[in-house]
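Data first, discussion second: the structure below is written as structure tokens.
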Amino acid sequence: MGDMVVEPAPLKPTSEPAPSPPGNNGGSLLSVITEGAGELPVIDPEVAQKACQEVLEKVKLLHGGVTISSRSTQLELVNGDNVDSEIRCLDDPPAQIREEEDEMGATVASGTAKGARRRRQNNSAKQSWLLRLFESKLFDISMAISYLYNSKEPGVQAYIGNRLFCFRNEDVDFYLPQLLNMYIHMDEDVGDAIKPYIVHRCRQSINFSLQCALLLGAYSSDMHISTQRHSRGTKLRKLILSDELKPAHRKRELPSLSPASDTGLSPSKRTHQRSKSDATASISLSSNLKRTASNPKVENEDEELSSSTESIDNSFSSPVRLAPEREFIKSLMAIGKRLATLPTKEQKTQRLISELSLLNHKLPARVWLPTAGFDHHVVRVPHTQAVVLNSKDKAPYLIYVEVLECENFDTTSVPARIPENRIRSTRSVENLPECGITHEQRAGSFSTVPNYDNDDEAWSVDDIGELQVELPEVHTNSCDNISQFSVDSITSQESKEPVFIAAGDIRRRLSEQLAHTPTAFRRDPEDPSAVALKEPWQEKVRRIREASPYGHLPNWRLLSVIVKCGDDLRQELLAFQVLKQLQSIWEQERVPLWIKPYKILVISADSGMIEPVVNAVSIHQVKKQSQLSLLDYFLQEHGSYTTEAFLSAQRNFVQSCAGYCLVCYLLQVKDRHNGNILLDAEGHIIHIDFGFILSSSPRNLGFETSAFKLTTEFVDVMGGLDGDMFNYYKMLMLQGLIAARKHMDKVVQIVEIMQQGSQLPCFHGSSTIRNLKERFHMSMTEEQLQLLVEQMVDGSMRSITTKLYDGFQYLTNGIM
Amino acid sequence: MAQIEKRGGLLRKSSASKKPLKEKVVLMYDEIFMTEDPSKCSPRFWEELFLMKVNLEYLEGKLESLDSEELMKIKDNVNCLFQHCIQALGEEHPIRVVNALQTLCALIRGVHQKNKSTSGFDIINMLMGFDKAELCMKNLMESLDSLLCAEGSESLKSLCLKLLLCLVTVTDNISQNTILEYVMINSIFEAILQILSHPPSRREHGYDAVVLLALLVNYSKYESVNPYIVKLSIVDDEATLNGMGLVIAQALSEYNRQYKDKEEEHQSGFFSALTNMVGSMFIADAHEKISVQTNEAILLALYEAVHLNRNFITVLAQSHPEMGLVTTPVSPSPTTPVTPLGTTPPSSDDEHRLHSGKLCLIILTCIAEDQYANAFLHDDNMNFRVNLHRMPMRHRKKAADKNLPCRPLVCAVLDLMVEFIVTHMMKEFPMDLYIRCIQVVHKLLCYQKKCRVRLHYTWRELWSALINLLKFLMSNETILLAKHNIFTLTLMIVNLFNMFITYGDTFLPTPSSYDELYYEIIRMHQSFDNLYSMVLRLSTNAGQWKEAASKVTHALVNIRAIINHFNPKIESYAAVNHISQLSEEQVLEVVRANYDTLTLKLQDGLDQYERYSEQHKEAAFFKELVRSISTNVRRNLAFHTLSQEVLLKEFSTIS
């Protein structure tokens with residue numbers, strides 16, 4: 001794996017006597033840096049190392065080298081895991097540096113980092129302000145990404161590349177799309193700076209590997225096909241998919257020439273290829289040997305990347321770790337493609353259910369849902385719960401996935417399969433005494449057929465000879481809590497007092513029980529998802545858990561995911577990132593705005609998965625099903641105006657409305673019809689579908705010119721234009737805008753980096769970023785901002801275009 | 001003899017008229033039918049024999065023509081032939097294998113046809129000789145097993161299955177076929193499963209494999225331990241079970257399709273008399289026999305799978321995308337559309353229609369008792385459009401089934417039961433089928449009550465069908481009582497109403513459906529009144545029906561309470577409001593207003609039922625069924641379909 005050319009460049013910045021403090025304009029700062037020793041066009045490791053040593057000498061003289069050694073200690077601690085040893089086995093040059101650093105650290109035994117810093121401050125004003133910034137506590141991942149992007153100085157880039165190791169994994173993960181997009185579309189130096197970190201993380205985590213591979217594929221797709229094939233992004237993707245980046249220690253354990261090596265890596269042989277039924281268009285990647293044989297081209301490219309010593313090892317190594325997962329994703333996508341060919345929703349739903357039931361045969365397997373936040377194995381897809389979502393020509397669908405949580409995905413073995421029917425025995429005996437048989441009865445049955453194999457599990461219940469009407473005690477044991485009468489059984493009409501009941505009671509119970517069930521939506525074959533989404537999540541989890549053969553396991557969890565096939569989710573991912581950033585900004589600034597970013601998994605440029613928002617249905621569905629105005633629906637769901645429940649739902653509505661109005665304004669989210677706005681059980685609204693943001697809008701009809709969608713219905717829920725809640729709403733918007741403005745860079749940066757090399761419609765034109773920045777109105781005073789908010793609200797209220805657009809949507813798509 | 005020779009010669013059409021030229025193979029057969037060892041004079045006799053194209057007709061005919069004494073004389077040669085056949089199965093060249101397989105078929109059939117009366121042991125002796133029989137059969141089964149499992153020619157596998165089917169069906173009563181003992185000992189179960197689990201082989205041979213399995217399972221089912229039963233019951237491999245389900249489903253949907261085609265042809269004809277749903281048997285004469293019987297065999301297979309294997313139900317519940325593609329209007333699940341309930345008036349040759357109908361109802365009974373299947377049937381998320389074949393009747397037109405709603409499968413089952421109830425009220429009353437039908441409904445209701453399933457179903461149709469049935473029973477009391485105990489059925493029907501009345505709160509979809517129940521009872525009170533007076537009459541007489549009738553009297557207590565409670569109220573409402581005829585809405589209003597003053601009696605054991613059990617009650621039925629299936633499979637075993645031309649083409653590497 002010694003192919004990583006990691007120069008000792010990280011220490012370069014220290015050599016630069018660049019006293020300019022980091023200002024708003026990163027560009028000017030960089031120009032200062034570059035005038036120093038940065039003339040080397042391509043960093044030759046030897047030269048760099050030499051230069052580095054010189055620098056180190058200097059630094060040693062200046063501040064006793066403590067800064068550097070402190071960095072290296074930091075390096076060891078921040079991420080919890082033993083980073084530096086990992087680095088050492090990764091690539092040699094940094095290790096060398098470390099040794100040198102250690103030496104220096106040893107030579108300068110005196111003085112703590114703090115002391116050194118103080119001394120440094122006293123010593124010279126000329127020294128690197130940039131370095132000081134980099135080492136300060138304020139230097140966070142957002143800044144690191146920003147400098148990585150803006151700096152033209154390889155030294156800085158390389159330093160930050162190494163510095164990435166010091167941040168917490170989760171923090172860096174957030175910027176993974178940015179990092180990879182830079183890796184793909186920016187120059188060599190940035191790529192070289194980023195690569196070691198990516199490789200390192202890929203070694204650690206299979207999920208990270210998958211995400212990287214998918215994103216690399218998706219973000220390379222905008223390149224011209226000829227350049228794409230040889231691009232660094234494609235190469236790195238192949239490297240990851242070739243599974244050379246499996247954990248290093250494991251690799252050593254592998255007997256390189258053992259014929260049994262194909263079982264060596266995974267603790268269980270169970271892969272996604274459990275049974276080879278004719279269910280999926282499956283390709284077998286079950287053994288690496290097969291793969292290399294059938295596709296020598298891949299192998300060649302791999303060899304370019306891998307060092308010669310390891311190519312042997314490679315060709316005999318275990319099956320590709322990612323294969324089952326990729327197979328799983330592929331099957332899901334194939335289902336989506338097949339569904340799209342069917343004409344009606346009904347047929348789609350039926351087909352989906354049957355396809356999933358076949359998929360089930362191959363589970364559990366070493367597969368997981370990348371949108372989940374914890375390690376787990378997928379064990380079952382409750383196929384009957386899946387629904388096809390509303391879409392005109394594509395067939396996105398929502399599936400629920402049963403998983404078993406585990407400590408560590410790599411080390412935990414795949415759970416054993418529990419057959420579907422296994423629940424029946426338990427269920428029928430415990431919960432449904434009438435349909436099951438008691439043990440005595442079962443035992444009795446065997447006396448009549450003593451020769452049979454004593455595998456009572458296997459026997460059909462029916463085979464138990466003459467089973468008379470249930471014994472009375474079985475009957476009284478029945479845990480039937482529905483009808484109180486079933487317990488009061490009389491064995492014969494003559495012997496016991498007859499039990500009388502009032503017909504009125506039966507009728508009353510019937511209406512009461514129906515009244516108590518939460519307002520469910522009617523089943524509509526044209527909108528199968530409405531019912532499924534309306535059911536409270538907890539309720540659904542309970543129901544599916546009960547019906548699942550795995551439900552009894554303590555680590556059982558239910559996840560859900562929307563599979564999108566034929567849709568580009570890269571914009572969605574961008575929107576997710578911006579929303580997430582805004583959310584954390586508002587949290588940091590303590591503005592009680594509520595938004596719900598939902599996770600996106602980009603699988604390729606035209607497919608992906610979305611984490612569904614639970615307990616939420618679209619406003620369109622609400623209105624269509626309830627035939628009520630939004631306010632009346634609130635009253636129906638939460639109670640009358642003065643109740644606690646209504647008030648808190650209203651507050652939630654206002655806070656989420658304000659949050660999303662800002663989002664819509666800042667990101668210029670278009671196509672805001674009621675099918676794209678969800679309402680959750682607590683009263684929050686959630687905007688979904690960010691297909692038209694920034695510079696793109698649907699069909700350019702000139703609709704939706706208002707800043708955001710604010711209908712009178714929304715205002716009614718807030719208590720009308722004169723209500724306190726409406727003022728609160730406007731105040732929240734103002735606070736939110738001020739807070740967002742304060743951290744504009746963090747938001748803009750996300751968008752800006754993704755613009756690199758992108759053909760996405762949201763970046764159409766040249767002024768996307770400038771316009772985005774303008775919408776933060778950096779130059780305005782707070783009073784002016786307040787006026788702006790007033791104007792926007794006013795404009796949106798008065799805007800008939802919103803109404804027009806809803807009418808347009810109703811006509812074209814039947815969305816209310 | 002001469003005649004047979006002529007028949008053999010007839011195969012060569014051109015030369016037949018001139019001179020009965022004998023094929024070489026026929027000459028060789030003749031040598032075998034001598035008492036001498038044919039290999040004595042030509043040592044390569046056996047090797048050569050299997051290179052010859054088999055003349056099945058001649059061989060079979062020759063064996064048939066010999067009486068048992070003559071046969072005993074050439075026993076050694078027959079044994080020798082049998083052994084060499086088995087030996088040839090292991091040969092490398094497929095042509096020898098094919099010839100050996102065909103020769104075996106001819107041998108087995110020939111010997112049996114001749115020896116209908118002789119015992120199974122004699123046949124074994126005749127074919128193999130007692131001393132070698134065990135080894136012989138072991139070798140045979142092993143060869144067949146490896147041929148079936150190998151990745152060889154498909155037509156070869158097909159021939160193997162045909163041989164096995166031939167072996168299994170040579171006797172009318174499968175349990176008297178003693179050779180099958182060896183098939184029990186040397187199981188080919190795994191090979192059958194393998195065929196079913198691999199899509200390509202399943203497509204080719206699935207049907208034969210399933211029929212073979214269904215028959216094997218029925219070998220001395222009640223007398224001894226049948227390893228195939230044991231094995232079938234513990235299969236849990238989903239791919240295999242799925243394959244089996246698929247084969248059955250495809251066979252049945254093909255049947256449905258055929259029926260539909262026919263139905264369209266004979267739209268106006270008498271043919272579409274008393275039938276319903278998918279599987280009624282009105283298919284033109286020539287075709288009829290085959291399709292009816294295939295149906296039985298496949299239904300038997302479905303029954304055995306449902307009945308014996310717990311896991312099969314889960315497979316039934318899982319629909320298959322392939323199937324969805326084949327027949328969109330029919331549900332992709334094999335469960336219901338599969339249940340041909342075509343039962344016609346049991347006139348002389350309609351025995352197996354009754355059989356099929358009964359078998360279907362038994363299958364539905366098993367399904368209705370099964371927890372998992374019920375869960376599937378009632379699953380609100382799994383909606384299907386099931387196209388029931390409703391036949392046109394005098395008072396109703398053939399409904400245009402274009403706008404079928406998509407509903408849980410159980411609705412289709414209930415529809416089917418309603419349809420059955422409505423369409424089979426005839427002089428030759430199929431009492432047994434009616435009882436099963438009502439049981440299915442009852443079992444479904446029990447499940448719904450237990451699991452609080454509120455099915456959105458128009459129960460009214462069921463209620464009025466049940467009341468009509470009661471009316472029919474009463475109006476034909478004298479005729480029916482001569483043949484049946486109608487009170488069992490009556491009691492069941494009344495108890496269904498009692499289920500609705502006393503437990504309606506647990507499974508009815510809306511409060512108004514409970515009101516409708518009362519409305520329906522009140523509306524049809526005349527029928528219940530008549531029923532009550534009838535059972536009262538019979539229970540007070542000291543006749544044979546005393547006890548049975550009195551049970552019905554007791555069961556009627558709530559219905560009578562309802563009628564007696566509401567009727568005066570309705571009358572007074574009419575009087576007060578000066579209305580002569582109350583509208584439905586007005587009656588419902590009265591009903592709603594007067595619930596509270598009505599007291600009902602809780603009856604015992606309404607939600608309990610006797611479980612289905614094959615061994616004690618249905619054994620005779622299944623024996624008869626298997627017998628008829630055997631006969632038909634034997635008759636339809638078409639060796640000519642596997643003509644040698646095809647095989648020769650396939651194995652054209654022959655030098």
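The sequence lines fix the lettering, A, B, ..., with proteins before strands; numbering per chain opens at 1. Only this structure's heavy atoms are used, side chains among them; waters, hydrogens and symmetry mates stay out. Quick caveat: nothing in here was measured; it's all calculated off a predicted structure.
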- Considering only heavy atoms from C-beta outward, does the side chain of B:Thr599 approach that of A:Ile501 to under 4.5 Å? no
- Item | B:Pro200, part contacting chain A, at a heavy-atom distance under 4.5 Å | neither
- Task: Could you tell me whether the side chain of B:Asp505 reaches within less than 4.5 Å of the side chain of A:Arg508, counting heavy atoms only?
- Result: no
- Message: If I take atom CZ from residue B:Phe507 and atom CG from residue A:Leu510, how far apart are they, to the nearest 0.5 angstrom?
- Response: 10.0 Å
- Minimum heavy-atom distance B:Tyr518-A:Ala503, with the two atoms named: OH-CB, 3.5 Å
- Least distance between heavy atoms, B:Ile501 atom then A:Ile506 atom: O-CD1, 3.3 Å
- Note on the structure: Exactly one of B:Leu508, B:Asp515, B:Asp596 clears side chain to side chain contact (heavy atoms under 4.5 Å, CB included) with A:Arg507, and that residue is B:Asp515
- Task: Taking atom CD of B:Glu547 as the centre, report whether more than 12 heavy atoms of other residues, nucleotides or ligands fall under 6.0 Å from it.
- Result: no
- Task: Kindly compute the distance separating CG (B:Leu598) from CZ (A:Phe500), expressed to the nearest 0.5 Å.
- Result: 11.5 Å
